[in-house]
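Heads up: the structure comes next, in C-alpha coordinates.
Hydrogens, waters and symmetry mates play no part in the numbers below; they use all other heavy atoms, side chains included. In what follows, chains are A, B, ... by sequence order, proteins preceding strands, each numbered from 1.
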Number of protein chains: 2
Amino acid sequence: MDDARTRLIESAQELLWERGYTGTSPKAIQDRAGAGQGSMYHHFNGKADLARAAIRRTAEEMVPRSRAHLDGPGSPLDRVRAYLRAERPVLRGCRVGRLVQDQEVVSDPELRGPIDAVFSGAIERVAAVLREGQEAGEVRPDVDADQVATALMAVIQGGYVLARAHQDEARYTAAVEGALSLLTIVG
Amino acid sequence: MDDARTRLIESAQELLWERGYTGTSPKAIQDRAGAGQGSMYHHFNGKADLARAAIRRTAEEMVPRSRAHLDGPGSPLDRVRAYLRAERPVLRGCRVGRLVQDQEVVSDPELRGPIDAVFSGAIERVAAVLREGQEAGEVRPDVDADQVATALMAVIQGGYVLARAHQDEARYTAAVEGALSLLTIVG
DNA sequence: GTCTATAGGAGGATAGAC
DNA sequence: GTCTATCCTCCTATAGAC
(Lines give C-alpha, C1' and ligand atoms only; values in the text may rest on other atoms or scores of the structure.)
Protein backbone atom coordinates (compact mmCIF):
# COMPACT_ATOMS: atom_id res chain seq x y z
CA MET A 1 0.00 0.00 0.00
CA ASP A 2 1.55 3.25 -1.16
CA ASP A 3 0.99 6.61 0.37
CA ALA A 4 -1.75 8.94 -0.74
CA ARG A 5 0.55 11.20 -2.70
CA THR A 6 1.77 8.32 -4.85
CA ARG A 7 -1.73 6.98 -5.36
CA LEU A 8 -2.90 10.41 -6.48
CA ILE A 9 -0.13 10.63 -9.04
CA GLU A 10 -0.84 7.14 -10.36
CA SER A 11 -4.54 7.83 -10.61
CA ALA A 12 -3.83 11.07 -12.44
CA GLN A 13 -1.58 9.20 -14.87
CA GLU A 14 -4.35 6.75 -15.69
CA LEU A 15 -7.04 9.37 -16.07
CA LEU A 16 -4.89 11.67 -18.18
CA TRP A 17 -4.32 8.72 -20.48
CA GLU A 18 -7.99 7.81 -20.67
CA ARG A 19 -9.62 11.22 -20.73
CA GLY A 20 -6.95 13.83 -21.37
CA TYR A 21 -6.26 16.93 -19.31
CA THR A 22 -9.50 18.78 -19.91
CA GLY A 23 -11.55 15.65 -19.31
CA THR A 24 -9.86 14.82 -16.02
CA SER A 25 -11.28 16.38 -12.87
CA PRO A 26 -9.62 16.55 -9.45
CA LYS A 27 -12.68 14.81 -8.04
CA ALA A 28 -12.23 11.84 -10.38
CA ILE A 29 -8.57 11.57 -9.45
CA GLN A 30 -9.39 11.62 -5.76
CA ASP A 31 -12.06 8.98 -6.14
CA ARG A 32 -9.79 6.64 -8.06
CA ALA A 33 -6.98 7.18 -5.57
CA GLY A 34 -9.25 6.69 -2.60
CA ALA A 35 -8.14 10.05 -1.25
CA GLY A 36 -10.17 13.03 -0.14
CA GLN A 37 -10.04 16.60 -1.33
CA GLY A 38 -8.06 17.67 1.69
CA SER A 39 -5.42 15.08 0.93
CA MET A 40 -5.01 16.15 -2.64
CA TYR A 41 -4.83 19.85 -1.94
CA HIS A 42 -2.35 19.16 0.84
CA HIS A 43 0.07 17.40 -1.48
CA PHE A 44 -0.52 19.51 -4.60
CA ASN A 45 -1.41 23.09 -5.37
CA GLY A 46 -4.18 22.06 -7.72
CA LYS A 47 -5.04 20.18 -10.86
CA ALA A 48 -2.22 21.58 -12.98
CA ASP A 49 0.36 20.88 -10.29
CA LEU A 50 -0.74 17.27 -9.93
CA ALA A 51 -0.85 16.87 -13.70
CA ARG A 52 2.74 18.10 -13.93
CA ALA A 53 3.86 15.43 -11.50
CA ALA A 54 1.85 12.77 -13.34
CA ILE A 55 3.16 13.70 -16.78
CA ARG A 56 6.75 13.85 -15.55
CA ARG A 57 6.36 10.37 -14.13
CA THR A 58 4.75 8.96 -17.26
CA ALA A 59 7.54 10.44 -19.35
CA GLU A 60 10.17 8.89 -17.07
CA GLU A 61 8.50 5.51 -17.35
CA MET A 62 8.45 5.59 -21.14
CA VAL A 63 12.14 6.13 -21.79
CA PRO A 64 13.29 2.68 -20.59
CA ARG A 65 10.60 1.04 -22.73
CA SER A 66 12.02 2.39 -25.96
CA ARG A 67 15.59 1.86 -24.82
CA ALA A 68 14.84 -1.80 -24.19
CA HIS A 69 14.29 -2.36 -27.89
CA LEU A 70 16.60 0.20 -29.46
CA ASP A 71 19.58 -0.72 -27.29
CA GLY A 72 18.73 -4.41 -27.27
CA PRO A 73 20.32 -7.32 -29.10
CA GLY A 74 20.37 -7.82 -32.83
CA SER A 75 21.46 -5.85 -35.85
CA PRO A 76 20.53 -2.17 -36.16
CA LEU A 77 17.64 -2.95 -38.49
CA ASP A 78 16.47 -5.70 -36.16
CA ARG A 79 16.36 -3.24 -33.31
CA VAL A 80 14.38 -0.67 -35.27
CA ARG A 81 11.95 -3.39 -36.28
CA ALA A 82 11.63 -4.58 -32.70
CA TYR A 83 10.90 -1.04 -31.54
CA LEU A 84 8.22 -0.43 -34.14
CA ARG A 85 6.67 -3.86 -33.67
CA ALA A 86 6.71 -3.74 -29.90
CA GLU A 87 3.38 -4.46 -28.28
CA ARG A 88 1.46 -1.27 -27.64
CA PRO A 89 -1.99 -0.51 -26.27
CA VAL A 90 -2.99 0.74 -29.68
CA LEU A 91 -6.69 1.38 -29.18
CA ARG A 92 -6.10 3.05 -25.84
CA GLY A 93 -3.74 5.46 -27.51
CA CYS A 94 -0.34 6.86 -26.61
CA ARG A 95 0.10 7.94 -23.01
CA VAL A 96 1.84 11.15 -24.01
CA GLY A 97 0.87 11.69 -27.64
CA ARG A 98 -2.72 11.95 -26.57
CA LEU A 99 -2.00 14.91 -24.36
CA VAL A 100 -0.59 17.24 -27.00
CA GLN A 101 -4.07 17.74 -28.40
CA ASP A 102 -5.00 19.54 -25.21
CA GLN A 103 -4.52 23.26 -25.58
CA GLU A 104 -3.82 23.68 -21.87
CA VAL A 105 -1.06 21.08 -22.04
CA VAL A 106 0.65 22.65 -25.03
CA SER A 107 0.44 26.09 -23.46
CA ASP A 108 2.13 25.06 -20.22
CA PRO A 109 5.87 24.46 -20.72
CA GLU A 110 6.01 22.27 -17.64
CA LEU A 111 3.32 20.01 -19.06
CA ARG A 112 4.58 20.00 -22.63
CA GLY A 113 8.30 19.77 -21.84
CA PRO A 114 8.44 16.17 -20.63
CA ILE A 115 6.31 15.03 -23.58
CA ASP A 116 8.54 16.78 -26.07
CA ALA A 117 11.57 15.23 -24.39
CA VAL A 118 10.18 11.72 -24.80
CA PHE A 119 9.68 12.22 -28.53
CA SER A 120 12.90 14.12 -29.16
CA GLY A 121 14.94 11.55 -27.26
CA ALA A 122 13.38 8.66 -29.14
CA ILE A 123 13.90 10.34 -32.51
CA GLU A 124 17.56 10.90 -31.73
CA ARG A 125 18.07 7.32 -30.61
CA VAL A 126 16.29 5.87 -33.64
CA ALA A 127 18.36 8.10 -35.91
CA ALA A 128 21.55 6.83 -34.31
CA VAL A 129 20.53 3.23 -34.83
CA LEU A 130 19.58 3.99 -38.42
CA ARG A 131 23.02 5.44 -39.03
CA GLU A 132 24.51 2.25 -37.63
CA GLY A 133 22.35 0.35 -40.06
CA GLN A 134 23.51 2.50 -42.94
CA GLU A 135 27.14 1.84 -42.07
CA ALA A 136 26.39 -1.86 -41.81
CA GLY A 137 24.77 -1.80 -45.23
CA GLU A 138 21.39 -2.80 -43.85
CA VAL A 139 19.59 0.49 -44.38
CA ARG A 140 19.41 2.61 -47.49
CA PRO A 141 22.41 4.91 -47.39
CA ASP A 142 20.81 7.60 -49.56
CA VAL A 143 18.38 8.92 -46.96
CA ASP A 144 18.70 11.37 -44.07
CA ALA A 145 18.66 9.36 -40.86
CA ASP A 146 17.17 12.17 -38.77
CA GLN A 147 14.31 12.72 -41.19
CA VAL A 148 13.61 9.01 -41.48
CA ALA A 149 13.71 8.61 -37.71
CA THR A 150 11.18 11.43 -37.41
CA ALA A 151 9.03 9.74 -40.03
CA LEU A 152 9.12 6.45 -38.12
CA MET A 153 8.10 8.12 -34.87
CA ALA A 154 5.32 9.84 -36.78
CA VAL A 155 4.17 6.49 -38.13
CA ILE A 156 3.79 5.22 -34.58
CA GLN A 157 1.85 8.27 -33.43
CA GLY A 158 -0.21 8.42 -36.60
CA GLY A 159 -0.83 4.69 -36.37
CA TYR A 160 -2.50 5.27 -33.03
CA VAL A 161 -4.71 7.93 -34.58
CA LEU A 162 -5.75 5.86 -37.60
CA ALA A 163 -6.38 2.78 -35.49
CA ARG A 164 -8.59 4.68 -33.06
CA ALA A 165 -10.51 6.26 -35.92
CA HIS A 166 -11.06 2.86 -37.49
CA GLN A 167 -11.37 1.10 -34.12
CA ASP A 168 -9.08 -1.58 -35.40
CA GLU A 169 -5.56 -2.31 -34.28
CA ALA A 170 -4.77 -3.68 -37.74
CA ARG A 171 -4.56 -0.18 -39.09
CA TYR A 172 -1.65 0.50 -36.76
CA THR A 173 0.07 -2.68 -37.86
CA ALA A 174 -0.40 -1.82 -41.53
CA ALA A 175 1.20 1.57 -41.04
CA VAL A 176 4.19 0.12 -39.21
CA GLU A 177 4.74 -2.68 -41.72
CA GLY A 178 4.39 -0.27 -44.60
CA ALA A 179 7.08 1.93 -43.13
CA LEU A 180 9.39 -0.97 -42.37
CA SER A 181 9.04 -2.35 -45.88
CA LEU A 182 10.45 0.93 -47.22
CA LEU A 183 13.44 0.85 -44.94
CA THR A 184 15.35 -2.02 -46.41
CA ILE A 185 17.51 -1.84 -49.48
CA VAL A 186 15.58 -2.86 -52.55
CA GLY A 187 16.79 -6.17 -53.97
CA MET B 1 -26.48 30.51 -45.69
CA ASP B 2 -26.22 33.02 -42.89
CA ASP B 3 -28.97 31.68 -40.70
CA ALA B 4 -28.50 30.75 -37.08
CA ARG B 5 -28.44 27.04 -37.73
CA THR B 6 -25.55 27.38 -40.15
CA ARG B 7 -23.66 29.74 -37.86
CA LEU B 8 -24.05 27.27 -35.01
CA ILE B 9 -22.60 24.46 -37.10
CA GLU B 10 -19.69 26.59 -38.25
CA SER B 11 -18.93 27.74 -34.73
CA ALA B 12 -19.06 24.15 -33.52
CA GLN B 13 -16.63 23.15 -36.27
CA GLU B 14 -14.14 25.78 -35.16
CA LEU B 15 -14.43 25.01 -31.48
CA LEU B 16 -14.20 21.25 -31.96
CA TRP B 17 -10.99 21.87 -33.86
CA GLU B 18 -9.54 24.19 -31.22
CA ARG B 19 -10.70 22.51 -28.04
CA GLY B 20 -12.01 19.04 -28.88
CA TYR B 21 -15.38 17.60 -27.96
CA THR B 22 -14.98 17.53 -24.20
CA GLY B 23 -13.52 21.02 -24.17
CA THR B 24 -16.34 22.53 -26.20
CA SER B 25 -19.44 23.73 -24.35
CA PRO B 26 -22.81 24.58 -25.84
CA LYS B 27 -22.49 28.02 -24.31
CA ALA B 28 -19.21 28.68 -26.10
CA ILE B 29 -20.73 27.59 -29.40
CA GLN B 30 -23.71 29.87 -28.91
CA ASP B 31 -21.53 32.84 -28.02
CA ARG B 32 -19.32 32.41 -31.08
CA ALA B 33 -22.35 31.98 -33.31
CA GLY B 34 -24.14 34.95 -31.82
CA ALA B 35 -27.11 32.73 -31.05
CA GLY B 36 -28.98 32.16 -27.83
CA GLN B 37 -29.68 28.94 -25.98
CA GLY B 38 -33.22 28.80 -27.28
CA SER B 39 -31.97 29.01 -30.84
CA MET B 40 -29.49 26.19 -30.41
CA TYR B 41 -31.91 23.85 -28.67
CA HIS B 42 -34.52 24.60 -31.29
CA HIS B 43 -32.26 23.49 -34.14
CA PHE B 44 -30.46 20.66 -32.35
CA ASN B 45 -31.29 18.13 -29.67
CA GLY B 46 -28.16 18.99 -27.71
CA LYS B 47 -24.41 19.12 -27.78
CA ALA B 48 -23.90 15.66 -29.30
CA ASP B 49 -26.45 16.33 -32.04
CA LEU B 50 -24.82 19.59 -33.02
CA ALA B 51 -21.39 17.98 -32.91
CA ARG B 52 -22.61 15.28 -35.29
CA ALA B 53 -23.68 17.91 -37.80
CA ALA B 54 -20.40 19.78 -37.40
CA ILE B 55 -18.20 16.71 -37.80
CA ARG B 56 -20.16 15.53 -40.84
CA ARG B 57 -19.65 18.91 -42.42
CA THR B 58 -15.95 19.05 -41.63
CA ALA B 59 -15.51 15.58 -43.09
CA GLU B 60 -17.31 16.62 -46.27
CA GLU B 61 -15.10 19.66 -46.61
CA MET B 62 -11.90 17.65 -46.29
CA VAL B 63 -12.45 15.17 -49.09
CA PRO B 64 -12.09 17.67 -51.96
CA ARG B 65 -8.88 19.00 -50.39
CA SER B 66 -7.11 15.68 -50.71
CA ARG B 67 -8.64 14.95 -54.07
CA ALA B 68 -7.27 18.22 -55.40
CA HIS B 69 -3.73 16.94 -55.00
CA LEU B 70 -4.14 13.21 -55.52
CA ASP B 71 -6.25 13.59 -58.66
CA GLY B 72 -4.30 16.60 -59.89
CA PRO B 73 -1.74 16.93 -62.66
CA GLY B 74 1.65 15.30 -62.75
CA SER B 75 3.04 11.82 -62.43
CA PRO B 76 1.75 9.50 -59.68
CA LEU B 77 4.77 10.19 -57.50
CA ASP B 78 4.39 13.92 -58.08
CA ARG B 79 0.80 13.72 -56.88
CA VAL B 80 1.72 11.82 -53.72
CA ARG B 81 4.44 14.37 -53.04
CA ALA B 82 2.03 17.23 -53.62
CA TYR B 83 -0.46 15.70 -51.21
CA LEU B 84 2.08 15.18 -48.44
CA ARG B 85 3.67 18.58 -48.97
CA ALA B 86 0.40 20.46 -49.17
CA GLU B 87 0.14 23.40 -46.82
CA ARG B 88 -1.48 22.39 -43.56
CA PRO B 89 -2.22 24.23 -40.32
CA VAL B 90 0.33 22.04 -38.61
CA LEU B 91 0.46 23.60 -35.16
CA ARG B 92 -3.31 23.90 -34.99
CA GLY B 93 -3.59 20.19 -35.62
CA CYS B 94 -5.81 18.07 -37.84
CA ARG B 95 -9.48 18.98 -37.86
CA VAL B 96 -10.55 15.36 -37.59
CA GLY B 97 -7.50 13.54 -36.26
CA ARG B 98 -7.69 15.62 -33.13
CA LEU B 99 -11.14 14.34 -32.32
CA VAL B 100 -10.32 10.64 -32.14
CA GLN B 101 -8.56 11.22 -28.84
CA ASP B 102 -11.91 12.06 -27.30
CA GLN B 103 -13.46 9.00 -25.72
CA GLU B 104 -16.96 10.32 -26.33
CA VAL B 105 -16.25 10.75 -30.02
CA VAL B 106 -14.84 7.27 -30.47
CA SER B 107 -17.76 5.75 -28.57
CA ASP B 108 -20.41 7.37 -30.74
CA PRO B 109 -20.57 5.74 -34.21
CA GLU B 110 -22.18 8.85 -35.65
CA LEU B 111 -19.29 10.98 -34.47
CA ARG B 112 -16.54 8.52 -35.34
CA GLY B 113 -17.97 7.33 -38.67
CA PRO B 114 -17.32 10.44 -40.75
CA ILE B 115 -13.79 10.71 -39.36
CA ASP B 116 -13.04 7.11 -40.19
CA ALA B 117 -14.43 7.65 -43.68
CA VAL B 118 -12.07 10.55 -44.32
CA PHE B 119 -9.03 8.49 -43.40
CA SER B 120 -10.15 5.29 -45.10
CA GLY B 121 -11.01 7.13 -48.28
CA ALA B 122 -7.69 8.93 -48.36
CA ILE B 123 -5.74 5.74 -47.71
CA GLU B 124 -7.51 4.00 -50.59
CA ARG B 125 -6.89 6.88 -52.95
CA VAL B 126 -3.21 7.16 -52.00
CA ALA B 127 -2.83 3.41 -52.46
CA ALA B 128 -4.32 3.62 -55.93
CA VAL B 129 -1.94 6.38 -56.93
CA LEU B 130 0.98 4.41 -55.49
CA ARG B 131 0.00 1.44 -57.62
CA GLU B 132 -0.02 3.70 -60.66
CA GLY B 133 3.45 4.81 -59.65
CA GLN B 134 4.61 1.23 -59.34
CA GLU B 135 3.34 0.41 -62.79
CA ALA B 136 5.03 3.51 -64.13
CA GLY B 137 8.29 2.44 -62.53
CA GLU B 138 8.39 5.50 -60.26
CA VAL B 139 7.70 3.75 -56.98
CA ARG B 140 9.38 0.70 -55.51
CA PRO B 141 7.52 -2.31 -56.85
CA ASP B 142 8.45 -4.57 -53.95
CA VAL B 143 6.16 -2.98 -51.36
CA ASP B 144 2.46 -3.34 -50.52
CA ALA B 145 0.71 -0.21 -51.74
CA ASP B 146 -2.06 -0.41 -49.12
CA GLN B 147 0.40 -0.70 -46.26
CA VAL B 148 2.58 2.10 -47.59
CA ALA B 149 -0.46 4.32 -48.12
CA THR B 150 -1.48 3.68 -44.52
CA ALA B 151 2.04 4.53 -43.41
CA LEU B 152 1.98 7.80 -45.35
CA MET B 153 -1.33 8.82 -43.81
CA ALA B 154 0.11 7.93 -40.42
CA VAL B 155 3.11 10.13 -41.12
CA ILE B 156 0.80 13.07 -41.69
CA GLN B 157 -1.18 12.44 -38.52
CA GLY B 158 1.90 11.66 -36.48
CA GLY B 159 3.63 14.70 -37.94
CA TYR B 160 0.90 16.84 -36.43
CA VAL B 161 1.47 15.20 -33.04
CA LEU B 162 5.26 15.56 -33.06
CA ALA B 163 5.07 19.15 -34.28
CA ARG B 164 2.63 20.13 -31.55
CA ALA B 165 4.75 18.42 -28.91
CA HIS B 166 7.82 20.28 -30.14
CA GLN B 167 5.87 23.43 -31.01
CA ASP B 168 7.71 23.55 -34.29
CA GLU B 169 6.28 23.00 -37.73
CA ALA B 170 9.69 21.75 -38.90
CA ARG B 171 9.12 18.48 -37.15
CA TYR B 172 6.15 17.84 -39.42
CA THR B 173 8.19 18.69 -42.48
CA ALA B 174 11.00 16.38 -41.41
CA ALA B 175 8.60 13.48 -41.00
CA VAL B 176 7.05 14.04 -44.42
CA GLU B 177 10.37 14.44 -46.20
CA GLY B 178 11.77 11.39 -44.45
CA ALA B 179 8.84 9.33 -45.68
CA LEU B 180 9.04 10.68 -49.21
CA SER B 181 12.75 9.96 -49.42
CA LEU B 182 12.01 6.28 -48.81
CA LEU B 183 9.41 6.10 -51.52
CA THR B 184 11.59 6.44 -54.58
CA ILE B 185 13.61 3.68 -56.11
CA VAL B 186 17.13 3.69 -54.77
CA GLY B 187 19.60 4.81 -57.42
C1' DG C 1 -2.24 14.56 6.80
C1' DT C 2 -6.91 14.08 6.20
C1' DC C 3 -11.64 15.32 7.02
C1' DT C 4 -15.93 18.17 6.22
C1' DA C 5 -18.11 22.42 5.00
C1' DT C 6 -18.61 25.89 1.91
C1' DA C 7 -18.65 28.62 -2.44
C1' DG C 8 -18.89 30.84 -6.97
C1' DG C 9 -18.97 29.45 -11.55
C1' DA C 10 -19.61 26.57 -15.61
C1' DG C 11 -21.86 22.60 -18.03
C1' DG C 12 -25.93 20.78 -20.12
C1' DA C 13 -30.57 20.94 -20.58
C1' DT C 14 -35.86 22.07 -20.00
C1' DA C 15 -40.06 25.17 -19.96
C1' DG C 16 -42.82 28.62 -21.28
C1' DA C 17 -43.41 33.33 -22.98
C1' DC C 18 -43.16 36.15 -27.12
C1' DG D 1 -37.44 30.85 -34.13
C1' DT D 2 -35.69 33.13 -30.36
C1' DC D 3 -35.69 34.88 -25.62
C1' DT D 4 -35.44 34.55 -20.58
C1' DA D 5 -35.94 31.99 -16.43
C1' DT D 6 -34.88 28.04 -14.01
C1' DC D 7 -32.78 23.60 -12.66
C1' DC D 8 -29.39 20.37 -10.98
C1' DT D 9 -24.92 18.60 -11.27
C1' DC D 10 -20.10 18.93 -11.65
C1' DC D 11 -15.70 21.69 -11.44
C1' DT D 12 -12.06 23.71 -8.87
C1' DA D 13 -10.65 25.60 -4.92
C1' DT D 14 -10.47 27.59 0.01
C1' DA D 15 -11.15 27.37 5.13
C1' DG D 16 -10.95 25.42 9.27
C1' DA D 17 -11.60 21.45 12.42
C1' DC D 18 -9.52 17.01 13.96
Atom [atom1] of [X] and atom [atom2] of [N]: how far apart are they, to the nearest Å?
| X | N | atom1 | atom2 | answer |
| --- | --- | --- | --- | --- |
| A/H42 | C/dT4 | NE2 | C1' | 17 Å |
| A/F44 | C/dT2 | CZ | C1' | 15 Å |
| A/H43 | C/dC3 | NE2 | C1' | 13 Å |
| B/Q30 | D/dG1 | CD | P | 18 Å |
| B/R7 | D/dT2 | CZ | P | 8 Å |
| B/D3 | D/dT2 | CG | P | 8 Å |

Once each nucleotide of nucleotides 11-18 of chain C is scored for protein heavy atoms under 4.0 Å, what B/S/- sequence comes out, 5' to 3'? SSBB----
Basic-acidic side-chain contact under 4.0 Å: [X], [Y]:
| X | Y | value |
| --- | --- | --- |
| A/R95 | A/E61 | no |
| B/E138 | B/R81 | no |
| A/R32 | A/E10 | no |
| A/R5 | A/D3 | no |

Do B/S120 and B/E124 have side-chain atoms, one donor and one acceptor, less than 3.5 Å apart? no
Within a radius of less than 6.0 Å around CZ of A/R19, do more than 12 heavy atoms belonging to other residues, nucleotides or ligands occur? no
